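No experiment lies behind these values; they were computed from the predicted model shown.
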Amino acid sequence: MVGTGALLLMVTACAGQDMPTSQPAGSTGSVSVPAPASPSPSESVLPAPPEPNPPGKPRLTVPEGSIQVPADKIDASALPAGFPREVWTADGGTVLNIRAQEGGCGHALGEAAEQAGDHVVVNLSETKAQTNQMCTMDIRYPVVSVTLAAPLDQRTVVLKSTPPK
């Protein structure tokens, strides 16, 4: 009796699969249950990896293959105390990945404001929180990407903080 109850429970739980719903006459109570079909090669069992963020969209980690810019090639004197001062290059030096700061409902932004022969000025800001919206009081340090017209090479990266947009 217990075996029949367990079988009915299993059949009910797996209603979407092709399983026998009754036992043939004269059977001993054991029913062979077909194994679930394994996924075909076109089906993925694991979730797809996240798409890389396009320049301008913040991410939490520095993209693989990025090269850290030496501290002596970063001028962060215009940033507030405690603001991150980390910069990496990618794509042959044409993309800067910069550790920024954001909090609450805001999102970090980066923009190449000036690209001269000896330096590149990047304005870091944050989106303005919407009015009448409750926001957390946390501080996050995402990485924003800024595309340059030419590779950074030996130019200095000048980081500036601008008011929220």
Side-chain angles (χ1 to χ4, degrees), residues 13-19 33-165:
C14 300
Q17 297 182 2
D18 289 335
M19 293 185 173
V33 177
S38 50
S40 70
S42 64
E43 293 179 28
S44 176
V45 205
L46 300 173
E51 295 278 328
N53 291 28
K57 287 206 126 195
R59 68 181 98 228
L60 297 177
T61 59
V62 178
E64 283 188 42
S66 295
I67 301 166
Q68 191 157 17
V69 174
D72 65 340
K73 289 292 184 183
I74 301 171
D75 176 0
S77 60
L79 291 179
F83 206 93
R85 288 153 164 75
E86 299 172 304
V87 180
W88 295 265
T89 59
D91 293 338
T94 59
V95 173
L96 296 179
N97 292 304
I98 303 163
R99 177 82 56 201
Q101 180 175 307
E102 65 185 20
C105 296
H107 296 285
L109 302 170
E111 174 185 34
E114 181 184 335
Q115 299 185 48
D118 62 342
H119 68 277
V120 173
V121 176
V122 176
N123 287 337
L124 298 172
S125 66
E126 192 175 352
T127 58
K128 203 182 278 187
Q130 296 177 3
T131 57
N132 299 326
Q133 179 180 2
M134 291 185 68
C135 298
T136 60
M137 295 296 291
D138 63 327
I139 295 177
R140 298 175 301 275
Y141 301 99
V143 175
V144 294
S145 298
V146 176
T147 302
L148 301 177
L152 180 64
D153 291 328
Q154 295 302 310
R155 295 186 286 175
T156 299
V157 178
V158 180
L159 299 175
K160 293 188 175 183
S161 178
T162 57
K165 296 181 177 196

The salt bridge (Lys or Arg N to Asp or Glu O under 4.0 Å) partners of Asp138 (sequence neighbours excluded) come to Arg140
Problem - Close side-chain approach of Val143 to Thr61, heavy-atom, < 4.5 Å - result: no
| request: Indicate yes or no: at least one non-hydrogen side-chain atom of Trp88 is less than 4.5 angstrom from one of Ile67. | output: no
Are Pro163 and Ser125 packed together at the side-chain level, in the sense that at least one heavy-atom pair is separated by less than 4.5 angstrom?
no
Could you check whether any side-chain N or O of Asp91 sits under 3.5 Å from a backbone N or O of Gly93, counting only pairs where one atom can act as donor and the other as acceptor? no
* To do: With the side chain counted from C-beta on, respond yes when Leu124 and Val144 share a heavy-atom pair under 4.5 Å apart, and no when they do not.
  => yes
d(Asn123 CG, Thr162 OG1) to nearest 0.5 Å is 5.0 Å
* To do: Please indicate whether Lys160 has more than 12 foreign heavy atoms, meaning atoms of other residues, nucleotides or ligands, lying under 6.0 Å from its NZ.
  => no
Do any N or O atoms from the side chain of Glu111 and from the backbone of Val122 form a donor-acceptor pair under 3.5 angstrom? no
Any heavy-atom pair between the side chains of Leu148 and Leu96 that's under 4.5 Å? yes
Scanning both residues in full, the closest heavy-atom pair of Leu79 with Arg85 reads O-NH2, 3.4 Å
Please determine, by modelled atom types, if Asn97 and Ser66 share a side-chain donor-acceptor pair under 3.5 angstrom.
yes
Taken in chain and number order and not counting sequence neighbours, the residues that satisfy side chain to side chain donor-acceptor pair (under 3.5 Å) with Glu86 are Arg99
In short, Ala150 meets Thr94 closest at the heavy-atom pair C-CG2, 4.3 Å
Quiz prompt | Side-chain touch Ile98/Leu159, heavy atoms, less than 4.5 angstrom | solution = yes
Heavy atoms of Ala100 and Pro84 approach each other most closely as O-CG, 3.5 Å
Tightest non-hydrogen contact, residues Glu126 and Gln101, listed as OE1-O, 4.2 Å
- Tell me, do Val146 and Val95 make a side-chain contact under 4.5 Å, heavy atoms counted? no
Closest non-hydrogen contact found for Cys105 with Thr127 is O-OG1, 4.3 Å
In short, Ala108 meets Pro142 closest at the heavy-atom pair CB-CG, 3.8 Å
Taken in chain and number order and not counting sequence neighbours, the residues that satisfy salt bridge (Lys or Arg N to Asp or Glu O under 4.0 Å) with Glu114 are none
Within-4.5 Å side-chain heavy-atom neighbours: Lys73 and Gln154: yes
